[in-house]
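One structure below.
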Amino acid sequence: MTSAETAFQITVQPSGRAFEAQAGETILSAAIRGGVGMPYGCKDGACGSCKCKKLSGSVVHGDHQQKALSTEEEEAGFVLTCCAQPLTDVVLESRQVTDESAYPIKKLPVRVAALTRASHDVMQVRLQLPAADTFRYHAGQYIEFILRDGARRAYSMANAPHTQEGAPGVELHIRHMPGGRFTDHVFNAMKEKEILRVEGPFGSFFLREDSDKPMVFLASGTGFAPIKALIEHMQHKGITRSATLYWGGRRPADLYMDGWIRERLAALPNLRYVPVVSDALPEDGWAGRTGFVHQAVMEDIADLSGYQVYACGAPIVVDSARAAYSAERGLPPDEFYADAFTSEADKHGG
Ligand SMILES: Cc1cc2nc3c(=O)[nH]c(=O)nc-3n(C[C@H](O)[C@H](O)[C@H](O)COP(=O)(O)OP(=O)(O)OC[C@H]3O[C@@H](n4cnc5c(N)ncnc54)[C@H](O)[C@@H]3O)c2cc1C
Ligand code: FES
């Protein structure tokens with residue numbers, strides 16, 4: 001135990017990064033406060049992104065879903081850091097944690113600068129940030145809107161950080177979930193100039209630039225948003241690693257920035273693009289790949305052991321990819337980087 005009676009030392013191997021967690025605090029909130037970039041997604045026991053192996057120490061888990069951490073996994077020593085409170089000093093294993101410190105997390109007022117319909121159910125929202133305050137983030141990270149009663153909704157930034165130079169602002173791609181508290185507002189009532197409060201940056205979904213492995217970018221629906229930021233960032237930094245984007249939607253119109261990607265292909269010779277549609281109708285005239293997007297990757301790549309995978313969007317796609325790529329294609333679990341876009345429906349759906 002550390003000097004303060006109620007604080008415990010949490011160490012993450014193999015990086016050796018360490019931080020203090022107070023008794024009663026989750027390991028993940030302490031890591032975020034301490035600027036240590038642990039992997040996570042929903043922060044609510046629903047997605048499993050924060051799962052890591054406990055090497056020593058003991059924790060108590062709060063409520064979480066079995067699909068995020070099963071009883072067998074818990075017995076085998078795995079923890080969900082977003083729900084686990086330390087009872088002793090704890091040593092965890094997470095190869096995704098690096099020496100690099102996370103960017104400071106800030107609460108900011110933002111103004112809606114532009115609302116553009118990208119498809120029948122996707123709104124491109126541009127937020128203007130305060131000019132006086134530099135907002136730094138990694139391409140791929142997300143911000144949270146803080147609603148009046150303190151509830152939060154997460155959205156990934158679709159523009160790379162360098163695009164802020166001169167015009168501090170972020171671009172979001174927000175899909176309408178009918179009956180959803182925030183997206184009903186975005187689609188039915190939001191106006192330009194509206195002021196909202198956000199906090200960020202959050203998230204462990206960003207490009208690991210210390211690797212030269214070929215990459216698979218897997219996006220479903222608005223899961224394309226953070227991947228767009230990665231592509232912009234790669235172009236800006238002249239990163240020439242090979243990357244193949246698989247973007248899946250139900251109908252062709254769901255691939256709402258198809259043209260944008262095709263323009264990038266000319267500038268990025270190492271980028272490939274495989275659009276995949278699961279429910280095309282005859283009137284769509286779709287002649288491309290069909291089926292589930294995560295399966296298209298498996299059809300094309302027999303061995304993922306030398307790859308990194310960056311996956312974003314619908315939780316079912318992210319979860320299926322995470323399980324199948326490791327079990328059936330040899331992807332090292334630590335090379336799967338993801339943000340599952342969990343919503344209230346996933347958190348309460350059991
Ligand atoms: C890390 C992260 C990044 C994300 N990035 C994006 C992004 O870039 N773009 C994007 O479009 N989305 C993103 N999301 C999802 C986003 O945060 C919201 O969850 C989503 O937009 C829905 O918000 P909402 O308030 O409209 O709906 P919610 O109020 O959360 O409701 C969602 C759905 O569940 C139903 N529902 C509400 N409460 C319950 C309940 N108690 N039981 C059962 N069903 C219920 C609603 O009717 C609705 O259909 C991200 C999520 C995460 C975790
Ligand atoms: S289960 Fe912990 S971040 Fe989702």
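When a residue number appears, it is its place in the shown sequence, counting from 1.
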### Query
Is the backbone of G169 close enough, under 3.5 Å, to the side chain of N159 for a donor and an acceptor to pair up by distance?
yes
* Side-chain donor/acceptor of K107 to backbone N/O of R197, under 3.5 Å -> no
Quick check against the 3.5 Å criterion: does R241 have a side-chain atom that pairs as donor or acceptor with the backbone of M215? no
* To do: Verify the neighbour count for atom CZ of R33: are there more than 12 heavy atoms of other residues, nucleotides or ligands below 6.0 Å?
  => yes
Could you walk me through whether T342 and D44 pass the side chain to side chain contact (heavy atoms under 4.5 Å, CB included) test, one step at a time?
CA-CA 9 Å; T342 48; D44 203 23; over 6 Å; no
V277 and L255: side chain to side chain contact (heavy atoms under 4.5 Å, CB included), yes or no, with the steps? CA-CA 9 Å; V277 166; L255 310 180; 4.2 Å; yes
Geometric class of the H294/F292 ring pair [parallel <30°, tilted 30-60°, perpendicular >60°]: parallel
Any donor-acceptor pair under 3.5 Å from R117 side chain to H120 backbone:
yes
Q) CG of D212: more than 12 outside heavy atoms within 6.0 angstrom? A) no
For H173 together with Y256, are the ring centres under 6.0 Å from each other? yes
(Q) Taking E73's backbone N and O only, do any of them form a donor-acceptor pair with S70's side chain (distance below 3.5 Å, no angle check)? (A) yes
R208 NZ/CZ over F206 ring centroid, <6.0 Å and within 45° of normal:
yes
Between the OH atom in Y137 and the CD1 atom in I143, the distance rounded to the nearest 0.5 Å is 9.0 Å
When rounded to the nearest 0.5 Å, the distance separating CD of E263 from CG of L265 is 10.0 Å
(message) Tell me whether the rings of Y325 and F336 are parallel (<30°), tilted (30 to 60°) or perpendicular (>60°).
(response) perpendicular
*If we only count heavy atoms from C-beta on, is the P130 to P109 side-chain gap below 4.5 Å?*
yes
Determine whether L331 and V317 fall in the same hydrophobic cluster, where Ile, Leu, Val, Met, Phe, Trp and Tyr are linked whenever their side-chain heavy atoms lie under 4.5 Å apart. yes
More than 12 heavy atoms from other groups under 6.0 Å of CD1 on I316:
no
Side chain Q128, main chain A113, donor-acceptor under 3.5 Å = no
_In this structure, is the centre-to-centre distance between the rings of F182 and Y155 below 6.0 Å?_
yes
task = Give a yes or no on whether the backbone of N270 and the side-chain of S242 come within a donor-acceptor separation of less than 3.5 Å.
result = no
Practice item. Report yes or no: does Q65 contribute a side-chain atom to a donor-acceptor pair with the main-chain N or O of D346 at less than 3.5 Å? Key: yes
| message | In the structure I gave you, are the side-chain heavy atoms of V274 and E299 within less than 4.5 Å of one another anywhere? | response | no
Requested in this report: Could you walk me through whether I239 and L207 pass side chain to side chain contact (heavy atoms under 4.5 Å, CB included), step by step?
Outcome: CA-CA 11 Å; I239 296 170; L207 205 64; 3.9 Å; yes
Q: Walk me through it: do L28 and K43 pass the test side chain to side chain contact (heavy atoms under 4.5 Å, CB included)?
A: CA-CA 8 Å; L28 180 62; K43 296 196 277 185; 3.9 Å; yes
Where do R181 and E344 land on the salt bridge (charged side-chain N to carboxylate O under 4.0 Å, His left out) test, with the steps shown first?
CA-CA 9 Å; R181 181 170 166 196; E344 289 305 300; over 6 Å; no
Output for pair (L127 CG, E171 CD), nearest 0.5 Å, gives 10.0 Å
Distance-only polar pair, side chains of E93 and Q13, donor-acceptor under 3.5 Å: no
Q) Hey, does the side chain of K53 reach the backbone of A76 with a donor-acceptor pair shorter than 3.5 angstrom? A) yes
Taken to the nearest 0.5 Å, the spacing of R152 CZ from F202 CZ works out to 5.5 Å
- Query: Is the Y310-Y337 ring centre distance short of 6.0 angstrom?
  - Reply: yes
side-chain hydrogen bond (donor to acceptor under 3.5 Å, both in side chains) with H176: of D184, D121, N188, only one passes, and it is D184
Check whether any side-chain N or O of W247 sits under 3.5 Å from a backbone N or O of G221 as a donor-acceptor pair, and report yes or no.
yes
Notebook entry, point to check: Would L245 end up clustered with V216 when hydrophobic side chains under 4.5 Å apart are linked, directly or stepwise?
Noted result: no
